[in-house]
Participant: 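Let me begin by handing over the structure; questions about it come next.
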Amino acid sequence: MSTVTGGDAPTVPQNMTLYINNLNEKINLNELKKSLRAVFSQYGNILEVLTFKTLKHKGQAWVVFEDVSKASEALKQMQGFPFYDKPMRIQYAKTKSDIIAKADGTFVPRERRKRHDDKAERKRREQQHDANQAGAGLNYAGAYGVGPPLSQSPFTGGAKSKLPEAPAPPNNILFVQNLPHESTPMMLQMLFCQYPGFKEVRMVEAKPGIAFVEYGDEIQATVAMQGLQGFKITAQNPMLISYAKK
DNA sequence: AGCACA
């Protein structure tokens, strides 16, 4: 084949931060950030989700992963994911996020602010100075203690590792494990029905300790998952919630 | 369409 068309080459190199656009602009930013974090944190630890309300930045978000390989997995898996009725468009961010630069010591406060008010500028510099000092030697122990992300080169090897244990893609049905065997559908309903979109709980008599919980859509299921992940019905039974396989 | 660090 001599001609290959339709390729806008993905020329942006890998980045721990994903740049996402085509987001639904009607969603309020707090909810949007929460839902983005909820949906993306299944792929790895997320350090920060940024959105901005200025016109130039509507419908866009930056999701900062702790680990570039997790970011790239998330990019692949979630590309085009229908999110608030619009397919997400995901790319790597063009530049390193400040939170990363601060952690690896390469952060340089940017000089050029768009708006030039001197008082605010001066105050900002002082704050940044303080923040830098406080942040020196800062160390993220990822919430799940996974990986030694920042200390290593992002581009190790070159072999593409197929992840065998890829999580199930987002689903409006949740799969709940590690329940006490005496749990009843009623008990679970009390917990799960507090999240919007709740439809029903299903349990299988023959398989104690698990349940399926259905919501109206993936987003609602995801929010419930985030809210109840690890919830303990008894001290020995932190709930393990994932998406049900389709 | 639009790549920032509130």
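Chain letters run A, B, ... following the sequence lines, proteins first, then strands; residues in each count from 1.
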Participant: Tell me whether the side-chain N/O atoms of A/K56 come closer than 4.0 Å to OP1 or OP2 in B/dG2.
Facilitator: no
Participant: Could you give the CG-to-P distance, from A/L50 to B/dA4, as a whole number of Å?
Facilitator: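 Whole-Å distance recorded here is 12 Å.
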Participant: Looking at A/Y43, is A/K70 sitting on its ring face, NZ or CZ under 6.0 Å from the six-membered ring centre and within 45 degrees of the normal?
Facilitator: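 The answer is no; the distance or angle limit is not met.
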Participant: Find the distance A/Q60:CD to B/dC5:P and express it as a whole number of Å.
Facilitator: 12 Å
Participant: Scan A/E48 against the nucleic acid and name what it touches under 4.0 Å (heavy atoms): base, sugar-phosphate only, or nothing.
Facilitator: nothing
Participant: In whole angstrom, what separates A/L36's CG from B/dA4's C1'?
Facilitator: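 In whole Å, B/dA4 C1' and A/L36 CG are 15 Å from each other.
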Participant: Name each donor-acceptor pair under 3.5 Å that joins a side chain in residues 180-194 of chain A to protein atoms two or more places apart or in another chain, with its distance.
Facilitator:
{"residue": "A/S183", "atom": "OG", "partner": "A/P180", "partner atom": "O", "Å": "2.5"}
{"residue": "A/T184", "atom": "OG1", "partner": "A/M187", "partner atom": "N", "Å": "3.1"}
{"residue": "A/Q194", "atom": "NE2", "partner": "A/L191", "partner atom": "O", "Å": "2.9"}

Participant: From CG of A/L55 over to C1' of B/dA1, roughly how many Å is that when rounded to an integer?
Facilitator: 10 Å
Participant: Under 4.5 Å between side-chain heavy atoms, chaining through other members, with only Ile, Leu, Val, Met, Phe, Trp and Tyr counted: pull out the rest of the cluster around A/L55, sorted by chain and number.
Facilitator: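 None, because no other hydrophobic side chain comes under 4.5 Å of this residue.
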Participant: For A/K53 and B/dG2, give me the distance from atom NZ to atom C1', rounded to whole Å.
Facilitator: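 Distance check: A/K53 NZ to B/dG2 C1' gives 17 Å.
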Participant: Taking NZ from A/K102 and P from B/dA4, how many angstroms apart are they, rounded to a whole number?
Facilitator: 16 Å
Participant: Any chance you could lay out the side-chain hydrogen bond (donor to acceptor under 3.5 Å, both in side chains) test for A/Y215 and A/T222, step after step, and finish with the verdict?
Facilitator: CA-CA 9 Å; A/Y215 285 85; A/T222 300; over 6 Å; no
Participant: Provide, to the nearest angstrom, the distance between the NE2 atom belonging to A/H57 and the P atom belonging to B/dC5.
Facilitator: 7 Å
Participant: What about A/T54: does its side chain form a donor-acceptor pair under 3.5 Å with the base of B/dA6?
Facilitator: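 No, the side chain and the base share no sub-3.5 Å donor-acceptor pair.
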Participant: What pairs with A/T106 under side chain to side chain donor-acceptor pair (under 3.5 Å), at least two apart in sequence or on another chain?
Facilitator: A/K96, A/D104
Participant: According to the side-chain hydrogen bond (donor to acceptor under 3.5 Å, both in side chains) rule, which pairs have a member within residues 195-204 of chain A, sequence neighbours left out?
Facilitator: A/E200-A/R202, A/R202-A/E214
Participant: For A/K33, check side chain to side chain donor-acceptor pair (under 3.5 Å) against everything at least two apart and list the hits.
Facilitator: none
Participant: Please tell me which of A/T51 and A/W62 maps to the more 5' nucleotide of DNA chain B, matching each residue to the nucleotide holding its nearest heavy atom.
Facilitator: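 Between the two, 5'-proximity favours A/W62.
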Participant: Could you tell me how far apart A/M16 (CE) and B/dC5 (C1') are, to the nearest whole angstrom?
Facilitator: 15 Å
Participant: Check DNA chain B against residues 18-29 of chain A and give the residues with a non-hydrogen atom under 4.0 Å, in numerical order.
Facilitator: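 Those residues are A/Y19, A/N21, A/N22, A/E25.
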Participant: So, A/F52 and B/dA4: ring centres less than 5.5 Å apart, planes less than 30° off, yes or no?
Facilitator: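 Aromatic stack with B/dA4 absent for A/F52.
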